[in-house]
Amino acid sequence: MAVEINFERLRQDILELGQIGRDARGGVSRPSFSQADLEARAWLKEKIKEAELLYREDGAGNIFAHFGGEGPVVMAGSHIDTVFNGGLFDGSIGVLAALEALRRIKEENISLARPLEMVSFTDEEGNLVGDFLGSRAFVGVLKEKELREGLTSFGRPLEDILSHTPYSIESILQAHQQRPEVAAFLELHIEQGPVLETEGKDIGVVESIAGKQDWLGVFLGESGHAGTTPFELRHDAFLALAELALKTTHYVASQHYGSFFTVSSVKTTPRGFSLIPGRAEFTLDFRSTSPQTLEEIANFIHHTVESISQTRGVEFQYKIIDTTQPVTIEPEMIQLLEETAQNLGYSCLRLSSRAGHDTQILAAITRVGLIFIPCEDGRSHSPEENIRWEDLLKGANLLLNALIQLAK
């Protein structure tokens, strides 16, 4: 017989956490190690202790709740940090549904062969130095140079941010040494897209997660007077960027449909009505579920900027800020989630995730599964992020019963 979560308790937890970091624009701003994040961490710690679960943290600030004895753990969770002006549900439902699952298993006195753990990973959103700081620290794949030399989204070195916390670069790099053996990992998350809502499905069972590359780029040209410099003599950095954006977007859309390429955070200098931009700085993001496609997109970008540089008389410089590899979920984990959903009477759909998740980092050390629930109009990372509570009920019940199956 299936076990059910205490839905009102879970709902209240989500609404309480959602008040921490509320900003003037109606969203939630809770970047890792901000004052709001530290308050949320303290709140979560109290919830774990109220449930009489064993609380611990590692050197990266990852938070765990443990239930059961010794041995390899079956783990579930996500993150409680947010983007600036984000929503209530991204990440938080995965952590709090996992906490609720452990509470219900404890309350029902269900006997399991393996212990369970809830985890809240630090800085999944990448406001510090690259995405997935906490889960990467947990797995042990961080590079010291990147931690020491990278700037955070606050414009300050990571070491400066950490000086106001119990953590350090050294403790983050050593966090993986505190890691238990993980038998399996599950994550519940909003889809952050419109597919489930459009198809009228209760549950998304993710079969692959896209990898990505993030670049920081700049075209260096030559500024000049917009009213006196002939087109053939211009070295316009912005036009070089525009050509790169259009050509690469067309290439990815036509040759690798289902993969994505995005240019954003554009800054040109000098600025003014009568000035030709001599410098164009930008960020560049491309992602795919295929490692080969990621390589082919990178090669296309290199060949394109070489041609643009020669034609327009500009120089291109770039730095790779972050990379993640695509992940394919094991068929056995997909089958477990689908069969459990079917037994609960929920409709489900297999789909791929183009957004990154801690799950893809954990895939390097254990079996993983990723459960999606619909979100309204596919909106996420904004104050308009919303769900139907009945969808969360189904997703959390699936998580609970799948954890029991994995820990038997």
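For the atom pair NZ (K212) and OG1 (T324), the distance works out to 6.0 Å, reported to the nearest 0.5 Å. Atom-to-atom distance recorded for D58:CG and Y167:OH is 8.5 Å, nearest 0.5 angstrom. The CG atom of L393 lies 5.5 Å from the OH atom of Y346; values are rounded to the nearest 0.5 Å. For the atom pair CD1 of I172 and CG of L158, the computed distance is 5.0 Å after rounding to the nearest 0.5 Å.
For E159, the CD atom counts as loosely surrounded, since its 6.0 Å shell holds 12 or fewer non-hydrogen atoms of other residues, nucleotides or ligands. Sparse packing is recorded around CD of Q292, with 12 or fewer heavy atoms of other residues, nucleotides or ligands lying under 6.0 Å away. Residue E390 qualifies as enclosed at atom CD: its count of foreign heavy atoms under 6.0 Å is above 12. Remark: Q342 CD is loosely packed, at most 12 non-hydrogen atoms of other residues, nucleotides or ligands lying under 6.0 Å away. Heavy-atom neighbours of E4 CD from other residues, nucleotides or ligands within 6.0 Å: at or below the threshold of 12. When the shell of 6.0 Å around CD of E50 is examined, it contains more than 12 heavy atoms from other residues, nucleotides or ligands.
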Using salt bridge (Lys or Arg N to Asp or Glu O under 4.0 Å), reason through E57 and K45 one step at a time and then give a plain yes or no.
CA-CA 10 Å; E57 286 186 24; K45 180 178 181 179; 5.7 Å; no

Test side chain to side chain contact (heavy atoms under 4.5 Å, CB included) on N62 and S120; report intermediate values, then the result.
CA-CA 6 Å; N62 297 319; S120 176; over 6 Å; no

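Aromatic pair F219/F238: ring centres not closer than 6.0 Å. Ring-centre distance between F138 and F64: below the 6.0 Å cut-off. Aromatic ring centres of F300 and H250: separated by at least 6.0 Å.
Side chains of T262 and D285: a donor-acceptor N/O pair is absent below 3.5 angstrom, by distance only. Using modelled atom types and a 3.5 Å distance limit, the side chains of E39 and Q35 yield no donor-acceptor pair. S29 and N85 are not linked by any side-chain donor-acceptor pair at a separation below 3.5 angstrom, with hydrogens and angles left out of the test. When only modelled atom types and interatomic distance are considered, S380 and E385 share a side-chain donor-acceptor pair under 3.5 Å. A side-chain N or O of E339 and one of Q335 form a donor-acceptor pair less than 3.5 Å apart. In the model, R41 has a side-chain atom that pairs as donor or acceptor with a side-chain atom of T122 under 3.5 Å. Between S208 and S352, the side chains place a donor N or O and an acceptor N or O closer than 3.5 Å (distance only, hydrogens not considered).
Within the 4.5 Å cutoff, the side chain of L406 has heavy atoms near those of the M333 side chain. For the pair S264 and T283, the minimum side-chain heavy-atom distance is below 4.5 Å. At least one side-chain heavy atom of I320 sits under 4.5 Å from a side-chain heavy atom of Q213. Using a 4.5 Å heavy-atom threshold, the side chains of V119 and I63 count as separate. Using a 4.5 Å heavy-atom cutoff, the side chains of F372 and S353 are in contact. Using a 4.5 Å heavy-atom cutoff, the side chains of L239 and L241 are not in contact. Counting heavy atoms from C-beta outward, D81 and R30 have side chains that stay 4.5 Å or more apart. Residues V266 and V263 meet the side-chain proximity criterion, which asks for heavy atoms closer than 4.5 Å.
In this structure a side-chain-to-backbone donor-acceptor pair under 3.5 Å is missing from D377 to R379. Without hydrogens or angle criteria, H256 side chain to V252 main chain gives no donor-acceptor distance under 3.5 Å. Using modelled atom types, one side-chain atom of S34 and one backbone atom of P31 make a donor-acceptor pair closer than 3.5 Å. Checking side-chain atoms of R104 against main-chain N and O of V3 turns up no donor-acceptor pair under 3.5 Å.
Using a 30° and 60° split on the angle between ring planes, Y318 and W215 fall in the parallel class, below 30°.
Here the shortest heavy-atom pairing between P270 and G278 reads CD-N, 3.7 Å. Nearest approach of P157 to T152, heavy atoms of both residues: C-CG2, 4.1 Å.
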Enumerate donor-acceptor pairs with a distance under 3.5 Å from any side-chain N or O in residues 89-101 to protein atoms, sequence neighbours excluded.
from : atom 1 : to   : atom 2 : distance (Å)
D90  : OD1    : H79  : NE2    : 3.4
D90  : OD1    : H189 : NE2    : 2.8
D90  : OD2    : Q192 : NE2    : 3.4
D90  : OD2    : H381 : NE2    : 2.9
S92  : OG     : L88  : O      : 2.5
E100 : OE1    : R9   : NE     : 2.8
E100 : OE1    : R9   : NH2    : 3.4
E100 : OE1    : R103 : NE     : 3.0
E100 : OE1    : R103 : NH2    : 2.8
E100 : OE2    : N6   : N      : 2.9
E100 : OE2    : R9   : NH2    : 3.0

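Partner of R56 under the side-chain hydrogen bond (donor to acceptor under 3.5 Å, both in side chains) criterion, chosen from H66, Q178, E117: E117.
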